[in-house]
Amino acid sequence: MENPCEVLGSKGLIRRHEFVRIIIQCLYSLGYSNSASCLELESGVSYKSNELKLLESLILNGNWEDSIEYLNSIQDVLGETRESAMFLVFRQCVMEYLNCGEDALALGVLRKQVSALDVDNCKVHSLAMCLLSFKDRELGGIGDDDVVVRDLRRKLIADLENLLPPPISLPEARLEHLVESTVTAWVDSCMYHSSSNRLSLYEDHCCSRDQIPTRTTQILTGHKNEVWFVQFSNNGEYLASSSNDCTAIIWKVLEDGILTLKHTLNGHQHAVSFVAWSPDDTKLLTCGNTEVLKLWDVETGTCKHTFGNQGFVVSSCAWFPNSKQFACGSSDPEKGVCMWDCDGNVIKSWRGMRMPKVVDLAVTPDGEYLISIFMDKEIRILHMGTNAERVISEEHPITSLSVSGDSKFFIVNLNSQEIHMWDVAGKWDKPSRFTGHKQHKYVIRSCFGGLNNTFIASGSENSQVYIWNCRNPTPIEVLSGHSMTVNCVSWNPKIPQMLASASDDYTIRIWGPSFLKMGMPN
Amino acid sequence: MDLDPRQYENVAINDNDIHSIVLSYLIHNCYKESVESFITSTGAKQPADYLEDMDKRKRIFHFALEGNALKAIELTEQLAKDILENNKDLQFDLLSLHFVELVCSRKCTEALEFAQTKLGPFGKEPKYMEKLEDFMALLAYKEPEKSPMFHLLSLEYRQQVADSLNRAILAHLNLPRYTAMERLIQQATVVRQCLSQEAGKDGPPPFSLKDFLKS
């Protein structure tokens, strides 16, 4: 017989017999009853406590009076638990009497014993209802079948096991719960965690810094002036950038992770401030600064359509999931937000006298919400299906908006040097905040990154790129390399270790992990 | 009273109308002797064919009020076979009255049996389920008067059921379910409510019978 005081573990915190008992429970639940009973014999530790074993035999024999008396006598079982346990036993007793047609006896138990218990009235009342039409109730039609009665008694025992406290009875799946708590704690404290990393019980989990982009792997110099915007395509195979030099460039991501120039898109008269990839990546929209909107074919690099004219002032645009329609927001206070199709027809517009200037715009990837930033502190979330609108008022001017890939969250950059993250559904009453970067005067953009959008990256006026884990307000990485303000960042949606940044220093930098070799996933 | 009472003088009231109102009240409540003396004193017109039925109605009403539901049911069926058949709610209420009687006399086994045979069939319809649950729950208490459903044992409840029965019988006899007196008071109350809602705090207060009778 094991010494119940023996302890295990380097700190002596684990009681040996408890440890063995939990293992036995686990073996039984996994279906290894032979091993389990073997272990019980070898260790002398019994899975079922003596109290439970006695209760079990009393119940299986239908010995109700003694069962109740015993329940009353167990020291650890008090108060509500005891009353509930006794109720369960009485209930079985009543049901069995009804089953044999002994209605009067059943009624007697109900009136004398059940009503004296301190349990919820509803339980008593619904038991009373059973007296009415027994056949229609749960036990209905069980007849005299001994097997069925025995099964129901076993169910009662199982219910009691769940109800009674330890050490009389163990909580279900105790070992799994203990292991899961540990694993969850690992994940919660892992700042670099990307959920694609498989967790193994063999090693304490902690993602290393190697997994996220931290060093410059390439500098792209295709632009001849400040680069204002970058964005990877949805399939991660291309990068689009736009610049004060009035062009946009489409870069191809090669297999070894190097980017090469594919097309230079000429045609705008002014700086190109914004680009947007169609969800199917076949088309690219470019917004000129206080200028027209152009639609380009990605494969050929040719301009398919130009929207608007000299007076058409578009600040941002967003595609709908069908890749055929998009919305654009105007910085002209009267133009509002419009929905277009690729041939230039206006499908819908949200205009109004009070419609202020649109600072930025996005459509959630699932197409359900249209989020707009209005001059300059207002966020409006419109549900496309129901037309219901929700408004969030920020306290400082917002410069940009970015939506997560799973359509659940969005982030906004504020002039107060904070990034706020909100949930699309509207359950949060306050945002998650991220700080550390610098932003006073310019439009600085941020983005979500990593698989499952666990990271946020942002540009900054101090020429650095900042990376946060969504769970924590302080940056986990600050990347240096650019010599001037970093305006925009984009995280490759298919290569979680690839990040692009666009800067006033005329270059685009591609960042990758410190030690591992990067490449397209198979 | 805040409305100008002189306005009331402009409404003429016929004595015969008043007689009808009083009579309808007396007949509704089966006050046979009062009806007879009233008719003699005022020379009002005697309504046809009411006496015999009034006796029967009175007995039925009192049996129900006492809780002797079975007798009430028997006599009702004698009076008119299909009243209860067409009015399942009423039938349920009466049967449950008998159930309550049995529970109160502590004849619980009998009560259970009665419930199983007579009340059980109603259980198939969801609208009776809730009521049934309340009644059945009474069985669980040694002192049903102290249970949460004690109102089911009260005189007020029996009065309610007896009233419903009375009205159902009146309807069957093509007599009005509600007395003119009741209707008049109800009307005055509703009208005054509307007026005070419309006029806000400047308007007349809601109708209060108590205040009216005192003034």
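In the text below, chain A, chain B and the rest are named by the order of the sequence lines, each starting its count at 1. Any value given below was found using the heavy atoms of this structure, including those in side chains, with hydrogens, waters and symmetry copies removed.
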Whether over 12 other heavy atoms sit under 6.0 Å from [X] [atom1]:
| X | atom1 | result |
| --- | --- | --- |
| B:Y25 | OH | no |
| A:R153 | CZ | yes |
| A:E389 | CD | yes |
| B:Q186 | CD | yes |

Test item: A:R111 side-chain N/O and B:A140 main-chain N/O as donor-acceptor pair under 3.5 Å: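 The answer is no, because no donor-acceptor pair under 3.5 Å joins these two groups.
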Residues in side chain to side chain donor-acceptor pair (under 3.5 Å) contact with B:Y128, at least two apart in sequence or another chain: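 B:Y128 satisfies side chain to side chain donor-acceptor pair (under 3.5 Å) with B:D89 only.
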Heavy-atom pair with the smallest gap, counting every atom of B:A137 and A:A128: CA-CB, 3.9 Å
Nearest heavy atoms of B:Q116 and A:L131, plus distance in Å: NE2-O, 2.7 Å
Atom pair CG/CE of A:L110 and B:M136 - distance to nearest 0.5 Å: 8.5 Å
Option in B:L112, B:D134, B:T109 with maximal non-hydrogen atom pairs under 4.5 Å from chain A: B:L112
